[in-house]
Amino acid sequence: MTGIVMATLSEAKPFITGLSLKQIDTNPFKVFSNDKISLIVSGIGKSNAAVAASYLVWKYRIDHLYNIGAAGSTKREKKIGDIFHIDNVIEYDRPLIANRGERFIKPDLLKGFPIASLATQDRAVIDEQDRERVSIYADLVDMEGASIIQACRLFNVKCYLFKIVSDTPDLKDEYDIVKNIKIIRENMFYYFTENILHKL
């Protein structure tokens with residue numbers, strides 16, 4: 001069974017409709033499924049993402065999982081609507097202990113996709129100065145990816161991350177992120193079904 005974790009119902013809507021997924025669970029998470037794919041809406045943030053991924057893998061016997069969703073860009077050369085396969089993740093807001101350095105996590109990879117690095121943290125990276133600081137470590141920022149990889153590792157499940165750029169350092173208003181997601185979410189769905197879904 002293929003698993004998909006998405007942070008918000010808004011991002012997931014084209015997947016639910018386009019893959020003919022039926023809601024089979026409402027509590028503690030909304031889960032939508034057909035005979036091959038189960039999709040869970042985790043909610044935003046690392047804790048929600050880790051619990052949702054663990055719940056999906058455990059209850060629905062997932063053998064490989066995709067985390068798909070929106071991410072902000074730390075660099076202007078990456079444009080709204082660009083889609084990337086994540087090859088390296090830093091848990092950016094995790095404190096350093098005993099001078100061990102930053103915590104990087106490697107997701108699983110599929111061949112043939114544009115690659116980017118990702119920083120995950122619980123605080124949204126919105127303003128240009130924050131993005132510039134994070135850009136030393138990562139091309140993109142989100143609030144779920146690192147936790148989903150860690151959950152999959154506990155269950156020995158393959159984990160693939162694909163992110164679509166929803167905002168850049170030129171962002172003027174936080175509400176534009178929500179507007180952009182509604183514009184680009186269909187593109188993410190078509191990209192997934194045409195280029196990713198049949199890779200495994």
Side-chain angles (χ1 to χ4, degrees), residues 3-8 11-12 40-54 56 64-96 101-154 157-171 174 177 180-181 184-185 187-189 191-192 195-196 199:
I4 301 174
V5 178
M6 303 187 80
T8 66
E11 293 168 285
I40 193 165
V41 178
S42 66
I44 295 169
K46 292 195 294 183
S47 295
N48 286 336
V51 175
S54 299
L56 186 70
H64 59 278
L65 185 144
Y66 297 98
N67 171 222
I68 301 169
S73 174
T74 63
K75 300 167 183 177
R76 284 186 169 82
E77 58 265 27
K78 291 182 169 39
K79 305 300 183 188
I80 292 171
D82 288 349
I83 298 171
F84 297 97
H85 190 17
I86 303 302
D87 69 340
N88 195 27
V89 180
I90 179 173
E91 196 171 356
Y92 184 74
D93 60 354
R94 186 167 177 147
L96 302 181
E102 289 79 11
R103 179 179 172 85
F104 288 92
I105 308 164
K106 293 283 189 183
D108 294 291
L109 287 177
L110 300 170
K111 293 181 180 179
F113 295 99
I115 295 296
S117 54
L118 178 72
T120 296
Q121 61 180 16
D122 268 320
R123 185 176 64 84
V125 178
I126 298 295
D127 66 53
E128 188 174 351
Q129 291 75 27
D130 278 350
R131 291 177 198 254
E132 186 174 351
R133 284 189 287 272
V134 179
S135 71
I136 297 168
Y137 300 99
D139 305 308
L140 305 176
V141 290
D142 84 338
M143 299 173 72
E144 295 82 31
S147 297
I148 293 169
I149 298 168
Q150 291 174 57
C152 287
R153 293 291 175 262
L154 289 174
V157 167
K158 295 279 190 182
C159 183
Y160 306 94
L161 275 61
F162 286 87
K163 299 293 177 176
I164 187 166
V165 176
S166 59
D167 52 286
T168 72
D170 295 320
L171 180 72
E174 289 181 44
I177 298 173
N180 291 342
I181 287 172
I184 63 178
R185 62 188 180 185
N187 293 343
M188 185 73 249
F189 167 69
Y191 189 90
F192 176 75
N195 300 295
I196 302 168
K199 278 279 188 178

Side-chain donor-acceptor distances from residues 67-74 under 3.5 Å, at least two apart:
residue	atom	partner	partner atom	Å
N67	OD1	K163	NZ	2.8
N67	ND2	V5	O	3.1
S73	OG	K75	N	3.1
S73	OG	K75	O	2.6
T74	OG1	A138	O	2.7
T74	OG1	D139	O	3.0

Less than 3.5 Å apart, which donor and acceptor atoms pair up between the side chains of residues 106-116 and the rest of the protein, not counting sequence neighbours?
residue	atom	partner	partner atom	Å
D108	OD2	R153	NH1	3.3
D108	OD2	C159	N	2.8

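Looking only at side-chain heavy atoms (C-beta outward), R76 and T168 stay at 4.5 Å or farther from each other. Here the side chains of E144 and I44 are in contact, with some heavy-atom distance below 4.5 Å.
Going from atom CD1 of I164 over to atom CZ of R185 covers 11.5 Å, rounded to the nearest 0.5 Å. Between the CG atom in L118 and the CD1 atom in I149 there is a gap of 7.5 Å [rounded to 0.5 Å]. Annotation: the span from I177 atom CD1 to L171 atom CG amounts to 5.0 Å, rounded to 0.5 Å. Atom CG of L161 sits about 11.0 Å away from atom CG of N88, to the nearest 0.5 Å. For the atom pair CD1 (I105) and CD1 (I86), the distance works out to 12.5 Å, reported to the nearest 0.5 Å. Rounding to the nearest 0.5 Å gives a distance of 6.0 Å between OG of S47 and CG of D122.
Within a 6.0 Å sphere centred on CD1 of I126, other residues, nucleotides and ligands contribute more than 12 heavy atoms.
Taking every heavy atom of both residues into account, A52 and S42 meet most closely at CB-CB, 3.4 Å. Between V41 and A12 the shortest heavy-atom distance is CG2-CB, 4.2 Å. The shortest heavy-atom contact between L65 and I148 is CD2-CG2, 3.6 Å.
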Inset, instruction - Under the side chain to side chain contact (heavy atoms under 4.5 Å, CB included) rule, what do F192 and I4 come out as? Steps first, then yes or no, please. - result: CA-CA 11 Å; F192 176 75; I4 301 174; 3.9 Å; yes
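Using bins of under 30°, 30° to 60° and over 60° for the plane-to-plane angle, the ring pair H64/Y160 lands in the perpendicular bin.
Of the candidates Q150, E91, Q121, K46 forms a side chain to side chain donor-acceptor pair (under 3.5 Å) with just one, namely E91.
Side-chain atoms of N180 come within 3.5 Å of backbone N or O of S166 as a donor-acceptor pair. At least one donor-acceptor pair under 3.5 Å links the side chain of N195 to the backbone N or O of Y191. Within the 3.5 Å criterion, the main-chain N or O of K79 finds a donor-acceptor partner in the side chain of D82.
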